[in-house]
Amino acid sequence: MQRIPLAVNGTLMRGLALNGNLLAVGATFVREAKTEPAYRLWSIGDRHPAMLRVREGGRAIAVEVWDVPPDGLGLLLLQEPPGLCIGRLILDDGENVLGVLGEPYLCEGEREITEYGGWRAYMERVN
C-alpha cells in the first residue's frame with residue numbers, strides 16, 4: 001500500500017502532545033528535516049504552532065517527515081486544532097511533500113516564533 005509523506009512541525013512530532021494521533025492511524029517516522037527558508041512560525045497560545053509560507057522574511061523550520069497511510073490522512077486532519085490544514089511544503093533538499101500549515105487568520109495577534117527555527121526549540125526556551 002502506498003503511503004503519503006507528511007511533514008509535521010508541532011505537537012504531532014515525536015514525544016509531543018498529539019504524536020499519538022499519528023501513531024493511531026499507523027504512521028511511521030521517516031526522518032527529521034527542515035523546510036526551505038520560506039516559512040514563518042507562530043505560537044498559537046503556546047498550545048501549538050502555525051506555519052505559513054511567505055514570499056519574504058522566511059527561514060528554515062524544523063519538521064519531521066512521517067509516512068501516513070492514505071486512509072489515515074483524513075482522520076488525522078480532522079483531529080488537528082481548528083485553523084490548521086494540509087498543504088504543500090518544500091523541504092531544504094527540494095523535496096515537495098504534504099505538510100501541516102496554518103491559515104493566515106489563525107496567526108493574527110499571536111506571537112511569532114520564527115526566530116527559534118521550530119516548535120520544539122521554542123518550547124524548550126519558554127519552559
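- Atom CG of Asn21 is separated from atom CG of Leu76 by 6.5 Å, given to the nearest 0.5 angstrom.
- The backbone N or O of Gly45 lies less than 3.5 Å from a partner atom in the side chain of Glu110, making a donor-acceptor pair.
- A distance of 8.5 Å separates CG in Leu89 from CZ in Arg53, rounded to the nearest 0.5 Å.
- Interatomic distance, Glu56 CD to Arg40 CZ, rounded to the nearest 0.5 Å: 10.0 Å.
- Within the 4.5 Å cutoff, the side chain of Tyr39 has heavy atoms near those of the Leu101 side chain.
- With hydrogens and angles disregarded, a donor-acceptor distance shorter than 3.5 Å links the side chain of Thr114 to the backbone of Leu41.
- Evaluation of the ring-ring contact (aromatic ring centres under 6.0 Å, His included) test over residues 57-76, restricted to residues two or more places apart or in two chains, returns Phe29-Trp66.
- Within the model, atoms CD1 of Ile44 and CZ of Arg111 stand 12.5 Å from one another, a figure rounded to the nearest 0.5 Å.
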- Message: Val30 vs Arg3, test: side-chain contact (heavy atoms from CB on, under 4.5 Å). Steps then yes/no.
- Response: CA-CA 11 Å; Val30 176; Arg3 297 172 72 80; over 6 Å; no
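- Heavy atoms only, all atoms of each residue included: Val68 and Ala27 are closest at CG2-CB, 3.9 Å.
- When all heavy atoms are compared, the tightest approach of Pro69 to Val25 is CG-O, 3.1 Å.
- The two atoms that bring Leu52 and Gly102 nearest to each other are CD2-O, 2.7 Å, heavy atoms only.
- Applying the ring-ring contact (aromatic ring centres under 6.0 Å, His included) test to residues at least two apart or on different chains, the pairs with a partner in residues 97-117 are Tyr116-Tyr122.
- Taking CG of Asp92 as the reference point, atom OG1 of Thr35 lies at 7.5 Å (rounded to 0.5 Å).
- When every heavy atom of Gly118 is checked against every heavy atom of Ile61, the shortest pair comes out as CA-CG2, 4.2 Å.
- Looking at heavy atoms from C-beta onward, Leu98 lies out of side-chain contact with Pro5 at the 4.5 angstrom threshold.
- Ion pairing of Arg125 with Glu115 is absent here, as no side-chain N (NZ or NE/NH1/NH2) approaches a carboxylate O to less than 4.0 Å.
- When hydrophobic clusters are built by joining Ile, Leu, Val, Met, Phe, Trp and Tyr residues whose side-chain heavy atoms come closer than 4.5 Å, directly or via intermediates, Ile86 is not grouped with Leu78.
- Looking at every heavy atom in both residues, Asp46 comes nearest to Met123 through O-CE, 4.2 Å.
- Minimum interatomic distance between Ala33 and Val65 (heavy atoms only, all atoms of both residues): CB-CG2, 4.2 Å.
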Name each donor-acceptor pair under 3.5 Å that joins a side chain in residues 6-14 to protein atoms two or more places apart or in another chain, with its distance.
residue	atom	partner	partner atom	Å
Asn9	ND2	Val100	O	2.8
Arg14	NE	Glu64	OE2	3.0
Arg14	NH2	Glu32	OE2	2.6
Arg14	NH2	Glu64	OE2	3.4

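- Atoms CD1 and CE, from Ile113 and Met51 in turn, are 11.0 Å apart once rounded to the nearest 0.5 Å.
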